[in-house]
Each structure stands twice: as C-alpha cells, then as structure tokens.
Amino acid sequence: AASLLGPKRILAIDDSMTYLQELLAVLRGEGYDMVSARSGEEGIEMLASQQFDCILLDLFMPGMDGIDVCRQIKSSPLHRDIPLIMLTATEDRQTMIEALGSGADDFISKASELEVLKARVRAQLRRKQFEDEHRSVREKLLRSEIEAAEARAARELAETRAKLVEALEQKNGELTDAYRDLQTAQSQLVQSAKLASLGELVAGVAHEINNPLAFVISHLATVRRNAAKIDAMVRAAVPGESVAHWAKIVDRLGEMDGGLFRMRDLVLKLRTFSRLDEGERKVVSIRECVESMLTILSHRYKDRISVDTQYGEPELLECYPGPLTQAVMNLVSNSIDAIAETGAIKIVTGAEGEWFRICVSDTGVGIPDDALEKILDPFFTTKPVGQGTGLGLSITYSIVRKHGGKIEFRHAPGGGAEANLYLPLKGPAPA
C-alpha cells in the first residue's frame with residue numbers, strides 16, 4: 001500500500017494527450033505526484049511495478065476500454081482497494097451504471113469543472129486514508145491479540161509443562177519411596193525369617209540339652225548326698241593319701257554342680273530367646289529379653305568387651321518381644337563392630353517420663369557428624385564395602401515406629417556412640 005505520509009501518487013490513464021496534460025497540470029498544482037499512461041495496457045503495467053493512491057481512468061479508449069481495465073484492477077487483491085474514478089465525455093445514465101457496476105468508486109464527466117474533479121479526488125483520497133488508517137489500527141489490534149494469545153498459550157504451555165514435571169517428579173518420588181519401602185520390607189522379612197529360624201534352632205537345641213541336663217543334675221545331687229553321708233567313714237577308714245584323693249573327688253563334684261547350673265541358666269535364656277519370634281503384642285520382662293540376646297551374641301564380645309547392664313523400673317513392658325529384641329540386638333551388634341579391640345558396652349533400661357528408654361552406649365569409634373542425619377537411611381553404612389548392608393538401623397527404626405516410639409543417636413560422653421530407644425509406656429497399641 002502507498003505511504004500514509006508524503007504527497008499522494010495518482011495514476012491518470014487517458015488516450016487524449018491534450019486532456020491528460022491539462023489534468024496533470026491541475027492536480028500537480030494541488031501537490032499530487034502525477035503519473036500518466038496513454039492506454040489501459042500501459043496503466044496496468046505501471047500498477048504492477050508502482051504504488052498509487054488513486055486512479056483516474058478514461059472510459060473510452062482504443063484497445064482495452066475503461067470498463068475492462070476497471071474490472072481487471074478491481075479483481076486484483078493488490079489493487080482493488082485503490083480508489084478509481086471513471087472519466088467520460090458522456091453523461092448518460094446507462095454508461096454511469098455500467099462504469100459503477102464494473103467496480104469504479106466514482107464517475108465524473110469530463111465536461112464538469114476541474115474544481116469538481118479536484119473535490120472528488122480529495123474525497124476519494126481522504127476515504128482511502130481513513131480506510132488505510134483503520135486497516136493499520138485493525139492489523140495492530142489483530143497482531144496484539146495474536147501476540148497476547150501466543151503469550152497466553154506459551155504461559156499455559158509452560159504451566160502445563162511445569163505441572164507435568166511436578167507430577168512426574170512426585171510420581172518418581174513415590175516410586176522411589178515405594179521401592180525403598182519394598183527393599184526395607186524385604187530386608188525385614190529376611191531378618192524376621194533369620195530370627196524365626198534361629199529361634200527354632202535354639203528351641204530345638206535347648207530342648208535336646210534340657211532333658212539330659214536335668215537327668216545329670218538330679219543324679220549329681222544324689223551322688224553328692226551319698227558322698228556326704230560316707231565322707232566321715234572314708235576319712236577314718238582309708239590312709240592319708242587316699243583321703244586327699246577323696247577330698248579332690250568331693251571338690252570336683254562341687255565344681256560340676258556349679259557348671260551344670262550355669263548350663264541350666266544358659267538353656268533357660270535360650271528358651272526365652274526362642275519364644276521372642278512370636279508375633280503378638282504382650283507383656284514381657286525386658287531383663288530376660290536383653291539377657292537372652294546377650295547370650296546369643298556372647299561369642300562376639302567374650303574376653304575383649306565388658307558389658308554392663310542396668311535395669312530400672314518397670315521391668316515388665318507391653319511390646320512385640322521378637323522385633324524389639326531384634327532392634328536392641330542390632331544396636332549391640334553395631335557397638336561390638338565399632339570396638340576394634342577392647343572396650344565396654346553399657347545397656348540401661350527404665351522409665352523416663354511417659355517413655356520407656358533403652359540406652360545402648362559404647363566406647364567405640366563413634367558416629368561421624370556428617371553421618372548422624374543419614375544413619376537411619378536404608379543402605380547407608382559407614383562400614384567398609386562387603387562388611388555391612390546398611391539395613392540394621394533402618395530396620396531398628398521401623399521396629400521402633402511400629403511400637404509408636406522414637407530413636408535418637410548422639411555422641412557418648414566418654415567417646416563412642418549412644419543410641420536411645422523410646423517406647424510409649426501407656427496408650428493403645430499402635431496399628
């Protein structure tokens with residue numbers, strides 16, 4: 001389209017050189033940029049290479065007449081909006097209708113005064129300028145709407161993408177948590193199966209030992225009673241050297257008595273441990289649970305680690321005995337592993353406010369500060385590769401949660417580590 005600023009360009013198409021020169025002179029005096037063509041074909045060629053704001057077209061010309069030229073111009077999307085004024089020497093009504101019907105915007109007789117022509121040209125140029133301005137505003141509004149729609153679509157797309165990413169991250173997190181829970185549950189099942197198998201094994205061994213042990217203890221008591229009855233007669237009847245041998249026999253019987261009673265105590269602890277895999281919640285003696293657990297682990301710390309136990313009140317606690325014993329066993333096992341050579345482990349139990357506290361402390365290497373926050377994570381371990389699964393404390397934590405309790409780790413006052421299990425003393429059993 002022609003520029004909205006600067007002089008307007010007008011194309012005048014007429015085969016009369018005289019009228020064309022007069023027309024050009026008058027309109028140039030009005031400040032218009034005038035271009036002339038002597039035929040319809042020449043005018044169409046100029047339209048193809050130049051831009052114009054108005055067209056003055058003679059109706060009757062040799063070759064293409066004004067009607068044909070007008071129809072061709074108005075059929076072109078590039079030129080149909082250019083105002084076209086038809087000029088003719090005749091003023092009959094039919095000619096005017098035919099000219100306007102071909103697409104002309106105005107019809108002027110050449111016999112009219114040139115002032116009328118100038119007024120008509122100004123009117124058509126003014127109309128075109130209004131249309132161009134309106135079109136420009138409309139295009140700007142349309143561009144603004146398109147840009148706003150694109151921005152809105154981009155924003156909605158970004159929001160949708162962000163929501164999808166967030167949902168995907170949430171699903172990934174849920175899958176990760178589910179996978180971790182599955183691994184933990186699998187490890188707990190393995191540990192529970194091991195504990196149950198160990199319980200069955202211990203129960204079988206304790207049962208097989210208990211019967212002959214009771215037989216030996218009973219007969220040993222009979223031998224000691226009878227030996228006591230004939231002790232005076234033997235000392236009086238036999239020589240001095242034989243008396244020494246008899247005294248040695250009596251002493252060995254006493255030592256055998258002590259050893260057998262220690263074996264009986266061990267069997268009782270083994271039988272206590274074998275009953276800890278029972279799944280129901282019940283009231284048990286914490287002392288018996290801890291002592292039986294220490295009996296099972298004694299081969300790992302005997303002769304190098306001293307174990308000090310302090311049992312407070314209450315001694316009886318309602319809990320899941322098997323899992324709780326397993327949790328304490330995991331803590332004591334970690335303490336044993338943390339002591340490289342010799343050291344000490346201390347186990348303290350008892351009420352503390354509304355909680356029942358089980359504290360396991362040691363004089364081992366302790367827990368690094370950067371590991372305190374991650375120590376309960378599944379598969380996290382500070383042990384060398386191949387020496388730890390990283391599941392013991394995670395399982396312990398899940399057992400404590402099953403009881404509705406909590407677990408805390410800190411540095412022991414004298415070095416090493418301290419673990420505290422807190423179980424609720426009152427309240428309904430956790431689900």
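- Put simply, OG on Ser16 and CD on Gln21 are 9.0 Å apart, with the number rounded to the nearest 0.5 Å.
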For a salt bridge (Lys or Arg N to Asp or Glu O under 4.0 Å) check, start with the C-alpha distance between Lys74 and Asp105, then their side-chain angles and the critical distance, and finish with the verdict. CA-CA 10 Å; Lys74 291 301 181 178; Asp105 297 286; 2.9 Å; yes
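- Between Leu57 and Cys70, the shortest heavy-atom distance links the atoms CD2-N, 3.9 Å.
- Between the CG atom of Leu125 and the SG atom of Cys54 there is a distance of 5.0 Å, given to the nearest 0.5 Å.
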Test Glu408 against Arg410 for salt bridge (Lys or Arg N to Asp or Glu O under 4.0 Å), laying out the working first. CA-CA 7 Å; Glu408 295 178 356; Arg410 62 174 68 98; 3.2 Å; yes
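- Ionic pairing of Glu131 and Arg127 is present here: one or more N-O contacts between side-chain nitrogen and carboxylate oxygen are shorter than 4.0 angstrom.
- Asp362 places none of its side-chain heavy atoms less than 4.5 Å from the side chain of Asn334.
- Heavy atoms of other residues, nucleotides or ligands lying less than 6.0 angstrom from CZ of Arg138 number more than 12.
- Checked for salt-bridge contact, Lys346 and Glu418 miss the test: no charged N lies under 4.0 Å from a carboxylate O.
- Taking 4.5 Å as the limit, some side-chain heavy atom of Leu423 sits within range of a side-chain heavy atom of Leu317.
- When every heavy atom of Ala344 is checked against every heavy atom of Thr363, the shortest pair comes out as N-OG1, 3.0 Å.
- With hydrogens and angles ignored, the 3.5 Å screen pairs a side-chain donor or acceptor of Asp65 with a backbone N or O of Asp68.
- Checked for salt-bridge contact, Arg300 and Asp337 meet the test: a charged N lies under 4.0 Å from a carboxylate O.
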Test salt bridge (Lys or Arg N to Asp or Glu O under 4.0 Å) on Glu115 and Lys118 and set out the steps. CA-CA 5 Å; Glu115 291 297 328; Lys118 291 191 290 184; 2.8 Å; yes
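- In this structure, the side chains of Lys282 and Pro321 come closer than 4.5 Å at one or more pairs of heavy atoms.
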For side-chain contact (heavy atoms from CB on, under 4.5 Å), just list the numbers for Thr349 and Phe356, CA-CA rounded to whole Å, side-chain angles, deciding distance to a tenth of an Å, and then say yes or no. CA-CA 7 Å; Thr349 67; Phe356 185 87; 3.9 Å; yes
Where do Asn172 and Gln170 land on the side-chain hydrogen bond (donor to acceptor under 3.5 Å, both in side chains) test, with the steps shown first? CA-CA 5 Å; Asn172 287 338; Gln170 182 178 357; over 6 Å; no
Before giving the answer on side-chain contact (heavy atoms from CB on, under 4.5 Å), spell out for Leu47 and Phe52 the whole-Å C-alpha distance, their side-chain angles and the decisive distance to 0.1 Å. CA-CA 8 Å; Leu47 277 172; Phe52 297 97; 3.7 Å; yes
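- In this structure, the separation between CE on Met86 and OG1 on Thr88 is 8.5 Å, given to the nearest 0.5 Å.
- Expressed to the nearest 0.5 Å, how far CG of Leu27 lies from CD of Glu22 amounts to 10.0 Å.
- Using a 4.5 Å cut-off on side-chain heavy atoms (C-beta onward), Met293 and Val332 make contact.
- Annotation for Ala99 and Phe107: closest pair CB-CD1, 3.6 Å, computed over non-hydrogen atoms.
- Summarising the geometry of Ala351 relative to Leu425, their closest heavy-atom pair is CB-CD1, 3.9 Å, with the distance given to 0.1 Å.
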Starting from the C-alpha separation in whole Å, work towards a yes-or-no answer on side-chain contact (heavy atoms from CB on, under 4.5 Å) for Ile73 and Ile82. CA-CA 9 Å; Ile73 291 174; Ile82 302 176; 5.7 Å; no
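- Taking the side chain as every heavy atom from C-beta outward, Ile10 and Ile55 never approach each other to under 4.5 Å.
- Seen from the ring of Tyr32, Lys8 does not count as a face-on cation partner, given the 6.0 Å and 45° thresholds.
- Summarising the geometry, atom CG belonging to Asp33 is positioned 11.0 Å from atom CG belonging to Leu11; distances are rounded to the nearest 0.5 Å.
- Test Val116, Leu56, Asp53 against Val121 for side chain to side chain contact (heavy atoms under 4.5 Å, CB included) and you get one pass: Leu56.
- In this structure, the side chains of Val284 and Leu316 stay at 4.5 Å or more apart for every pair of heavy atoms.
- For the 3.5 Å distance criterion, the side chains of Arg126 and Gln129 fail to qualify, holding no donor opposite an acceptor.
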Stepwise, does the side-chain contact (heavy atoms from CB on, under 4.5 Å) test hold for Leu23 with Leu87? CA-CA 11 Å; Leu23 188 63; Leu87 304 174; 4.0 Å; yes
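- Across all non-hydrogen atoms, the minimal contact from Gly43 to Ile13 is CA-CD1, 3.7 Å.
- Between Arg281 and Glu318, at least one side-chain nitrogen of the basic residue sits less than 4.0 Å from a carboxylate oxygen of the acidic one, meeting the salt-bridge criterion.
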Residue pair Glu354, Tyr422: steps toward the side-chain hydrogen bond (donor to acceptor under 3.5 Å, both in side chains) verdict: CA-CA 9 Å; Glu354 298 180 353; Tyr422 293 93; over 6 Å; no
Stepwise salt bridge (Lys or Arg N to Asp or Glu O under 4.0 Å) test for Asp15 and Arg38: CA-CA 5 Å; Asp15 62 329; Arg38 295 292 302 277; over 6 Å; no
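- Of the inter-residue distances, the one linking Ile108 atom CD1 with Glu113 atom CD reads 12.5 Å to the nearest 0.5 angstrom.
- Distance alone, capped at 3.5 Å, places no donor-acceptor pair between the Ser136 side chain and the Glu133 backbone.
- Of the possible donor and acceptor atoms, one in the side chain of Ser335 sits under 3.5 Å from a partner among the backbone N and O of Leu331.
- Residues His403 and Tyr320 approach most closely at NE2-N, 3.0 Å, considering heavy atoms.
- You'll find the side chain of Val360 stays beyond 4.5 Å of the side chain of Val348, heavy atoms only.
- For Glu174, the CD atom is densely surrounded, since the number of other residues' heavy atoms within 6.0 Å is greater than 12.
- Contact check for Val35 versus Met46: side-chain heavy atoms found under the 4.5 Å cut-off.
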